[in-house]
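The structure under discussion appears below in the form of structure tokens.
In what follows, every chain begins at residue 1, and chains take the letters A, B, ... in the order their sequences are listed.
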Amino acid sequence: MEEVKLNGFELVYKKPSTLTETPFHYCPGCGHGIIHKILMEVIEETNIQDKVIGVAPVGCSVFAYNYMDIDMQEAAHGRASAVATGIKRVLPEKYVFSYQGDGDLAAIGTAETIHTVNRGENILIIFVNNAIYGMTGGQMAPTTLKGQITSTSPFGREMKSAGYPLKITELIAQLPGAYFVTRQSIHTANAIRKLKKAILKSFEYQKLNSGTCFIEVVSNCPSGWKLTPLESLKWMEENMFPYYPLGDLKVPQN
Amino acid sequence: MEEVKLNGFELVYKKPSTLTETPFHYCPGCGHGIIHKILMEVIEETNIQDKVIGVAPVGCSVFAYNYMDIDMQEAAHGRASAVATGIKRVLPEKYVFSYQGDGDLAAIGTAETIHTVNRGENILIIFVNNAIYGMTGGQMAPTTLKGQITSTSPFGREMKSAGYPLKITELIAQLPGAYFVTRQSIHTANAIRKLKKAILKSFEYQKLNSGTCFIEVVSNCPSGWKLTPLESLKWMEENMFPYYPLGDLKVPQN
Amino acid sequence: MDKNIQEVKLMKGNEALAESAIRAGIQAYFGYPITPQSEILEYFSRELPGRGKIVLQAESELAAINMIYGASGAGARVMTSSSSPGISLMQEGISYIASAQLPCLIVNVNRGGPGLGTIQPSQGDYMQAVKGGGHGDYHLIVLAPASVQEMADFVFDAFRLAEKYRNPAMILADGALGQMMEKVILPEEGSLPKRESKWATTGKTASRERNIITSLFIEPEKMERINFELQDKYKKLQDEVRFEEIETEDAEILLAAFGLAARVCQKAIELAREKGIKAGLIRPITLYPFPYKKIEKLADKASSFIVVEMNSGQMVEDVRLAVNGKCPVEFTGRMGGMIPSPDEVLAKIEEISKKINSLSTNEAGR
Amino acid sequence: MDKNIQEVKLMKGNEALAESAIRAGIQAYFGYPITPQSEILEYFSRELPGRGKIVLQAESELAAINMIYGASGAGARVMTSSSSPGISLMQEGISYIASAQLPCLIVNVNRGGPGLGTIQPSQGDYMQAVKGGGHGDYHLIVLAPASVQEMADFVFDAFRLAEKYRNPAMILADGALGQMMEKVILPEEGSLPKRESKWATTGKTASRERNIITSLFIEPEKMERINFELQDKYKKLQDEVRFEEIETEDAEILLAAFGLAARVCQKAIELAREKGIKAGLIRPITLYPFPYKKIEKLADKASSFIVVEMNSGQMVEDVRLAVNGKCPVEFTGRMGGMIPSPDEVLAKIEEISKKINSLSTNEAGR
Amino acid sequence: MQKAHEIIFAGFGGQGVLSMGQILAYAAMIENKEISWMPSYGPEMRGGTANCIVIVSPEKISSPIVNRFDSGVLLNQPSIEKFEHTIKPGGLLLYEESSIVNPPKRTDIEVLSIPAILEAQKLNKKQVANIILLGAFLEKRPLVKTENIISALKKVLPERHHHLIPVNESALSIGKKLAAEEAIETEKKK
Amino acid sequence: MQKAHEIIFAGFGGQGVLSMGQILAYAAMIENKEISWMPSYGPEMRGGTANCIVIVSPEKISSPIVNRFDSGVLLNQPSIEKFEHTIKPGGLLLYEESSIVNPPKRTDIEVLSIPAILEAQKLNKKQVANIILLGAFLEKRPLVKTENIISALKKVLPERHHHLIPVNESALSIGKKLAAEEAIETEKKK
Amino acid sequence: MIKGTVVINKNICKGCELCIDACPQESLGLSGQINISGYRFAELIQDNCTGCINCAIVCPDAAITVYREPKAKAKT
Amino acid sequence: MIKGTVVINKNICKGCELCIDACPQESLGLSGQINISGYRFAELIQDNCTGCINCAIVCPDAAITVYREPKAKAKT
Ligand SMILES: Cc1ncc(C[n+]2csc(CCOP(=O)(O)OP(=O)(O)O)c2C)c(N)n1
Ligand SMILES: Cc1ncc(C[n+]2csc(CCOP(=O)(O)OP(=O)(O)O)c2C)c(N)n1
Ligand code: SF4
Ligand code: SF4
Ligand code: SF4
Ligand code: SF4
Ligand code: SF4
Ligand code: SF4
Ligand SMILES: [Mg+2]
Ligand SMILES: [Mg+2]
């Protein structure tokens, strides 16, 4: 990082240059902001800004391209991994990632997600699981927990009719096309440092052309959950981690 | 079975009455015919002809309703399980099954398949895996084996680009909504007897309203494989069984 | 339920539509969230389970429309709803439903397109709705409400027509009609007769042949017969044409508009008449069947039509087909989520009226 | 490669189209099998890998069209192909591609619908192709070949137009054109200039701003501006109108038909002229942009139009819009996979010609 | 009043601007007036500002969305930036004092600054600030009778909050008082 | 010949009916005639019967699909049922003898029965039965020169099968001979 | 040993030979004739059928009906 | 102990308090004022910042810049 001085003090952290000046439109305390920032830190530190193409989903992060100062495409709802496949196949030398929410990746996009990984497309899929449809106002997601109240599960998610919270990452880890599969979160500075490492690794792995890297980030949605940001992190730890345990699900064999 | 005499001999086997008089249009030795027949034997023996609704896929078995003498719906390609969901939800007292090929269930229908089972819809899904797209002339299916030659993998299925043979039944077995998941085949009389038992059980389980029953049938496609019927069974045993091992993947816990 | 008392309520269009559907006796709703109509799914999620009816948030619009296929084929009164991109995803399923002749209701709360576009109100899906967005020769019955009251009322009309003709029906609304609150008197529960479909797949009893729901007819001769059936049905449907006329009797300039745009036109007409311009409005209520005959008649008296739409000019083609050259057909509209203001429409009216007068004076001059 | 020698070949329409696409330098094909066009994917599966190009059998048409979005957005010359039901599944993606203004080729080898229908040849998807099957105000560039030769040639035209106007192009063929063999001279490899798209997402170099491919413009004002851009483009496209005229100079009765139907009409015209009836044919080659002006002119001289289609009468609306009441516009056609025979068309010609003559004699009588 | 009155209510989410509009709409309904209430709607996460357009009219309402307003009730700075210029000449602009750094500058409309939040804190019920503003608005533009606002409140508030009706009533009258005084003030200034 | 000649080839899949048509089409192409070859296509599994329509014409061909034919070459019973009545009066119907139980009954067309399979077995090359029939057809309807059929074969057959050209040549001439004799036979019968 | 026999519907048989392969008694074979669909069809070639119904179970076209000598009778 | 300090961009801060919670030194708090977006924003409330950058890492709006006294200087 270049040396900037503030009355003799050294700069030790500043917003990455790979983020634009546009302030995030996200609600206060939303994990999307944290993940965007960390992702762009990695892009900056690995110097691949000119070699990376990102795919934004339809979801709260639909505007990701307003913030990430890289070439990006905005995909149809659920099709981000298909769009990423199209890009990577014609630009095999470039780094390609998709950034998707749980509704996008695990509901409407289920087929594209599974087949993209099954083909072992050499891309990184970042899966932001906040157990709800944030953008559309807090409806039930495939990852919504048992009994969790949302605008479309007003009496709490009920298995008999709405089905079970879908652990799609566990399914993904089964596919031979998956090279690195991990579940991380953003509830503490250290968790965020771990997430950053996972992203860093994934871009290194992408050079190897040996399969898909898949990072689930258990995240929050204060607005959808109707909690303050701090409450939301607590709720996440108490309710989401037990069902979506953090850690690596599949690590490269060699 | 009613007593019919042939010069003093007793009838011990005849085509089930739940099959219409229309001869199958299937190619010689095709497993679809065997599976249709066995399925209709179960319907006949359990006396549920008036309580069962079947869903035919788009695939060679698209004409199933010409042969099965029960109420049926013909679904759009890949959507049979969604159609079955629609039927079962409004007719919860009836027995509902979908009958789908590998292209239908594991390619274009992946999302519907996974979410139908994840919701634990109380239906039976019969998944006929012949590792190829039969109806359209022998193209590669998600289940096509490594190196297998098809009209769209003329040099043999190659992982780097086409991805890996998809063991969707193994994924299905992971879902809490799945109640009974098994893989059977049709290569011998005994295998067919086992398959029949599995179908019988599945209809019994459907009364319990405790989740989806899923039966994969490893089957053949002499035409698509460009083999004689007998060769096709041999090829199936030698090549498909090792990758798609027969047996129960999930049995009811109780 | 005091719901049945004819009391005036203040409701959002989306919620009035949903409550009306409950009163129309729907047995199941299958849908997927999308702005600006998620309130429909949310309303059902609150209200249906308690009444022993089915509400299911599908994994996608694609799944939802095929659940509709199954449920309607099984004899149930069912509906789905979405907005533009979601409706596009349903096109294959809609073509299947039309071909298999399954009655159901599909609601499109139109937003600005193309693509992801914007979530603001639009009428950009007119062509998709009336000319068939899916493959093959089929038509939906399409009703276009222009108020919260009609959002509620047309649910009953849609089911009545859909079940009478064994044809899918669509209510084509827009984001504003879905989101806004207006006064509404809801239709009475139970006032719509139960659906009866002997052809439905409910289990083959000994007393009848098996029932089959399909859209596959591999021999082209057979497929053509099915198509003739459909075309006959569409001819019969012409009897169901509905429209609203406002001050058309003496109108020199006739506005043609549907849905929200028609309301803007109504205001514009008042303003025009204040300025002494004889303007009137024809509002197609059924977009399919389209009131060709009526408009053709009106064209005999009018000196010009002005079609006003919240799109690039889609219904204008149907108006031109009806007018068939008898008089000029002008167009004005806004796109991508914008709503024309009464003043904009007035300006167009004045422009055209000047044209007409100058023409007539010229003629007088000769 | 001897491929480049201008030799006459005998090829299936589907394969001629695929080979032509290779010569047009496509970098990738994404598709999913469906009759009657699977030969396209199969041909590419044999030919592309050896040439270091991409052929990918997607998990569905839905995935395929979105792969096209990504690949075209990344600057590559790409195409997909399918038949009616598969094309319906692509409608959301097509609307996105049109909105994001991504050049690409989509081939629809039309089969009989609606629904699963039949796999026999049809023109039932005309409306979907030209009026927008997806949501919002957009148009595809639509080319309609009528021979195996044109199946090959139009691939080059489609890419040229698509890339010139940053707009998706469609080749609307039918099952017969795809399956039949005819003589064909394939276009020369390398005769189409490389695609250049400075706006493509290829990695943001220091020397430029980042490139973004999107169809989302949440403020309606912005979305409307995008729509104006699109509408301007569609106006410009009118310069690209193409059609074929056959014996129109002295024609009393003008047939209008596209694709395979036009070939049937050609035969019918010969038969009619043998019987002394002055018949001619206008064949739109670009279905969008549609030759309105040309047909309007022709309407001045002709006493009647007869539109002949392999559907219930879809293009007939565009012909009526062009003729705008100047003379009657009749229709005859077959549906659901049936092809009209020259004799059927001749019969219609004779019927109309009688009508006309009786009229004129009546007038003479006065 | 014989013609339609078109009002924009705008502020931060959570300041109760949507319900202000709804209460007015309900009251107008009780008086058998024609009404439309059109909320701004957008992707959830854009949060921040919210607004609604309310039209009260003796006759059928054409477009529920208009771009120029007879009155504006604005609760934050962004709303001032966005809507000050949309008020018709001779129209009314009410704004919440404490939230505004740069007050409106127009002179061709009546501009009133109401310390609603301050007054609400005095009632130690911050939530009624919007009702105070509504009161102030009605003082200047008596579109509906006060008693109907109260009955409207009964409709809008869930049963369990009906004990809040009294404090809302006082909020209303405070608002009216403030508006009356403010008006005189501004007169004096001239 | 000045007008288009429309032929239907039909039989079981595997009897080589599609290639018969293709070979004729190639030969016609060599002679710079206009041609169209239209195969029946359907869901794979319906298997069984296959057919193709070949049109050879001096001028541009309009519809590649016609319902009435100048000639028919039919290799199995179902094809007879399906196509016998579609031959134009005065037309030609050739069929493979051994496969047919109920032969055609029409008298307004020329009907020839050719023991192609039998003769092919004599050549012990069952696969050339279709070429024998093609030869027979060309004897009756010389649409193209025999040498061009040979060159067409070279085009259609993959290199590795070119050693089969000779046997195909003899098959052709056998067909021609059979047709000639058969014709005389039928004459006699009258 | 129990005696049985089978009746094969030659018109719908497709000659796939699965029954022939499945028969423990090798009682079945393909006929030299072809049926209306052009298939050689299966037929009994020995009188040693035991009525085990294996052939009927594996027949994809449900073309086989199986009969068996009644136990009673067998004993005598 | 190393001395550090932070600069918070009050205009983009949304007052989510994640930084406040993440600060081991409890150096941060919410201001009484609100910014143009109507949010109370975070600010330094004690001069005990060690420049550990935790706050900056957790900040969803990348509103925080962190500085630290150079080691060298610290030693003297
Ligand atoms: C085809 C289609 N269906 C539905 C929508 C509406 N929609 C937009 S975002 C979204 C879900 C967002 O949830 P998620 O993917 O979890 O992202 P989040 O906002 O929670 O980050 C939906 C249903 C759409 N835009 N397109
Ligand atoms: C939307 C759509 N895409 C493609 C097709 C074409 N199609 C028909 S069946 C089929 C696949 C059949 O394979 P499978 O499901 O394995 O069934 P099988 O024939 O092998 O039994 C395809 C791709 C279609 N009818 N509809
Ligand atoms: S709605 Fe939820 S996910 Fe979306 S920005 Fe707000 S907090 Fe984040
Ligand atoms: S194509 Fe294959 S799957 Fe289809 S009927 Fe023939 S053998 Fe069976
Ligand atoms: S019943 Fe058993 S023994 Fe008899 S033929 Fe069949 S398989 Fe052979
Ligand atoms: S199994 Fe059935 S179809 Fe196959 S040969 Fe035997 S009888 Fe014929
Ligand atoms: S840098 Fe560390 S110590 Fe300083 S304010 Fe931030 S978190 Fe607290
Ligand atoms: S974390 Fe960032 S946004 Fe949140 S309060 Fe601290 S500085 Fe403000
Ligand atoms: Mg989410
Ligand atoms: Mg298959």
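- Neither the backbone nor the side chain of C:Gln123 comes within contact range of chain D; no heavy atoms are under 4.5 Å apart.
- Interface residue C:Leu230: only side-chain heavy atoms are found under 4.5 Å from chain D.
- At least one donor-acceptor pair under 3.5 Å links the side chain of C:Asp125 to the backbone N or O of D:Gly136.
- Once rounded to the nearest 0.5 Å, the distance linking NZ of C:Lys131 with CD of D:Gln314 reads 10.0 Å.
- Between the side chain of D:His135 and the backbone N or O of C:Gly113, no donor-acceptor pair lies under 3.5 Å.
- Rounded to the nearest 0.5 Å, atoms CD (D:Gln120) and CD (C:Glu221) are 8.5 Å apart.
- With hydrogens and angles disregarded, no donor-acceptor distance shorter than 3.5 Å links the side chain of C:Glu92 to the backbone of D:Ser88.
- Taking 4.5 Å as the limit, every side-chain heavy atom of D:Arg320 sits out of range of all side-chain heavy atoms of C:Asn324.
- Between C:Gly133 and D:Gln128 the shortest heavy-atom distance is O-NE2, 2.9 Å.
- In terms of non-hydrogen atom pairs under 4.5 Å with chain C, the most contact-rich of D:Phe217, D:Tyr234, D:Phe228 is D:Phe217.
- Interface residue C:Gln231: only side-chain heavy atoms are found under 4.5 Å from chain D.
- Heavy atoms of C:Ile87 lying under 4.5 Å from chain D are absent altogether.
- Heavy atoms closer than 4.5 Å to chain C are found nowhere in D:Ser122, neither backbone nor side chain.
- Of the listed residues D:Gly337, D:Gly93, D:Gly117, the one with more heavy-atom pairs under 4.5 angstrom with chain C than any other is D:Gly117.
- Contact tally against chain C (heavy-atom pairs below 4.5 Å) for D:Ser312, D:Gly112, D:Ala100, D:Gly325: the top residue is D:Ser312.
- Ranked by heavy-atom pairs under 4.5 Å with chain C, the first of D:Lys222, D:Arg225, D:Met90, D:Arg334 is D:Arg334.
- In terms of the side-chain hydrogen bond (donor to acceptor under 3.5 Å, both in side chains) criterion, D:Ser83 has no residue partners (sequence neighbours excluded).
- Between chain C and the residues D:Asn110, D:Ile97, D:Asn227, D:Thr214, the most heavy-atom pairs under 4.5 angstrom are made by D:Asn227.
- When each of C:Ala129, C:Pro85, C:Gly313, C:Ser95 is checked for heavy-atom pairs under 4.5 Å with chain D, C:Pro85 comes out on top.
- Most heavy-atom pairs under 4.5 Å with chain D: of the set C:Ile94, C:Leu89, C:Leu62, this distinction falls to C:Leu89.
- Both the backbone and the side chain of C:Glu317 come within less than 4.5 Å of a heavy atom in chain D.
- Interface remark: C:Arg111 contributes no atoms to any contact with chain D (heavy atom separation under 4.5 Å).
- When each of D:Gly115, D:Ser215, D:Gly124, D:Ser84 is scored by its heavy-atom pairs under 4.5 Å with chain C, the top score falls to D:Gly115.
- At least one donor-acceptor pair closer than 3.5 Å links the side chain of D:Ser99 to the backbone N or O of C:Pro114.
- Atom CD1 of D:Ile119 is separated from atom CD1 of C:Ile218 by 4.5 Å, given to the nearest 0.5 angstrom.
- Panel note: side chain C:Glu224, backbone D:Met335; a donor-acceptor pair is recorded below 3.5 Å.
- The main-chain N or O of D:Glu219 is never found under 3.5 Å from a side-chain atom of C:Thr118 such that the two would form a donor-acceptor pair.
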